[in-house]
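Start at 1 and go down the list; that is how both ligands and their atoms are numbered. Just the heavy atoms: all of them, side chains too, but no hydrogens, waters or symmetry mates, feed the values below.
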Amino acid sequence: MTQNFPDNTLYEMDNLDVLRGMNSQTVDLIATDPPFNTKRNRSATAGHYVDNWKWGDTGILPDQWKWNEVHPKWLEEIKDNHTELYHAIDAAKHCQGEDTAAFLCFLSVRLIEMHRVLKETGSIYLHCDPTASHYIKMCMDAIFGKKNFRNEIVWHYQTGGVSKRWFGRKHDVIHFYTKTEKYFIDLTRVKDSRSAEVLRRIESGNENATRAKDLERLPFDVWNIQALNAMSNERTGSPDQKPLALYERIIKASSNEGDVVLDPFCGCATTIIAADKHKRRWIGIDRRKDARYHIITRLMGIDRKERERLEKVVKDGSDPGWLDRQTQKYEIHYQTEPPTRTDEAAQTSAALAHVYTTRSESLHTHAEMHQILVNQFGLKCWGCNFVPPDKRYLHLDHIIPKSDGGTNDINNRALLCQPCNSKKSNTMSLNALRRQNKKEGYTQSNPEIDLQNALAWTRNYLIQTIRETPYQFKLDNS
Ligand SMILES: C[S@@+](CC[C@H](N)C(=O)[O-])C[C@H]1O[C@@H](n2cnc3c(N)ncnc32)[C@H](O)[C@@H]1O
Ligand SMILES: [Zn+2]
């Protein structure tokens, strides 16, 4: 499929919009670390994002999801098109509660898109902590298919505390799935001395003495990689930063030079830096305003002191052009608008289309739709091209009659003059009306509205409205 986004791009916005705008099968590897439902740090809410985040904020907005903020469209999409996923989320809701279920909805609509943008040979590594990892796995089984599950990788680290009440918690989980069984992997690139040791022990104990030579040092699913401590030079100051070595390992094993690596929750850019270091092309998405600063200062390879100095420069505004200049210098594409699909963009709309019919009310009022169509397509009857003296002469018709299941939404509306409206009533299609008018000599010589373009425009307009509507609905979620 054709890539419809530039290489090495940072999108600074909600990743759902970006993912939905990316062409299918354009990404080789996704390595990502979404916010957990920890109620701990500041990253996101389930519905639309209220952007209160300011540079330098620490821990003001918690990572917290509420069921009544789940976008009803997400839920309907999941319920209608992904039954297994719906049941997985429902199970989480019963076992762990509504907050976890809301978080899973937030994540799942994004995972559906991540699955779509992966190439047939592609892989995804999703980082999570044990709070929700099992529920996330159920969702990923539903989206990627259980046969495409490869590993539950345990990242074992030594930092953090201990407890007298439970065993010290010393690991995160990384779920590794592939798009198909034709995936790319080369484990010889990430040899592991510890696994060599274990193999030697097995062999000397004669348990499996005929171990093939080429299996030597192949890595296991428990990864001992040091977590960042307060003194690491790598440290950016961001509380959720992960060690570079962890993401380098993923990238080396599951991609090749020149491949496209995507991190839709890129934070302070660990995946991006690892990808760049190994000559992969990268796409990062984060709604944080400091992601670009982190990418640049980490690409510069400067030490921590210098990074802190530059952070001041950016924050206090003493050199307002600095970020833009560096963005250019490092040939980073910085975007604040999502890409537009050039493949089967209609598919995205199709995924949303079915939800229209389930609503009784329309997203726009009658008067709004009338005005929008007049503004966009001019004063003209779509049936006979008649140009009336003012807009009162045009009626808001249902293209597919309501009696045939047509909706009230703007993508099912056309402007018709009075005679056309009565003639069409609910017995003929708009095209049939046009043909009939031509035959009977009622068609005016003005240029005709291009129906296909008009319908594409109104449909996009509707989708845009759905996306932009604040979603604070109270849900009856039975
Ligand atoms: C756990 S952090 C990622 C840290 C990253 N792995 C690193 O080491 O730098 C999660 C990131 O997801 C971002 N995020 C949360 N919701 C998002 C959304 N809907 N769209 C884009 N980014 C989002 C947050 O701003 C946060 O930076
Ligand atoms: Zn007419």
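- The proximity of F106 to ligand 1, defined as any non-hydrogen pair under 4.0 Å, is limited to the side chain.
- Under 4.0 Å is where a charged nitrogen must lie from a carboxylate oxygen, and between K79 and D90 no such pair does.
- Residue contacts with ligand 1 for C266 involve N, CA, C or O but no side-chain atom from C-beta outward (heavy atoms, distance under 4.0 Å).
- On a distance-only criterion, K242 and ligand 1 share at least one N/O pair closer than 3.5 Å.
- With respect to the salt-bridge test (charged N to carboxylate O, under 4.0 angstrom), the residues D303 and R307 do not qualify.
- A salt bridge links D33 with K242: at least one charged nitrogen is closer than 4.0 Å to a carboxylate oxygen.
- Below 4.0 Å from some heavy atom of M13 lie the following atoms of ligand 1, by number and element: 20 (N), 21 (C).
- Only the side chain of R110 comes within 4.0 Å of ligand 1, judged by heavy-atom distances.
- When each of E113, E12, M13 is tested with V18 by the rule side chain to side chain contact (heavy atoms under 4.5 Å, CB included), just one qualifies, namely M13.
- Here the side chains of L126 and T32 are in contact, with some heavy-atom distance below 4.5 Å.
- In this pair, Y247 and H127 present their aromatic rings parallel. The plane angle is below 30°, not in the 30 to 60° band.
- Side-chain contact between P130 and H171 is present, with heavy atoms from C-beta onward closer than 4.5 Å.
- Contact annotation: the side chain of D290 never approaches that of C268 to less than 4.5 Å [non-hydrogen atoms, C-beta and beyond].
- For ligand 1, the atoms sitting less than 4.0 Å from at least one non-hydrogen atom of G267 are 9 (O), 27 (O), numbered in the order shown with element in parentheses.
- Close approach to T270 involves these atoms of ligand 1, each under 4.0 Å from a residue heavy atom: 7 (C), 8 (O), 9 (O).
- Atoms SG of C420 and SG of C381, as seen from the Zn ion (ligand 2), are separated by an angle of 100°, to the nearest 10°.
- Among D129, N15, I295, the residue whose heavy atom lies nearest to atom 20 (N) of ligand 1 is N15.
- Of the options K289, R287, H294, R298, the smallest heavy-atom separation from atom 23 (C) of ligand 1 is shown by R287.
- Using a 4.0 Å cut-off to heavy atoms of D33, the atoms of ligand 1 that qualify are 1 (C), 2 (S), 3 (C), 4 (C), 5 (C), 6 (N), 10 (C).
- Shown in contact with A269 at under 4.0 Å from a heavy atom are these atoms of ligand 1, numbered in order with element: 9 (O).
- Between D286 and ligand 1, a contact under 3.5 Å exists for at least one N or O pair.
- The residue A291 has no part lying near ligand 1, judged by heavy-atom distances below 4.0 Å.
- Looking at heavy atoms from C-beta onward, S123 lies in side-chain contact with F176 at the 4.5 angstrom threshold.
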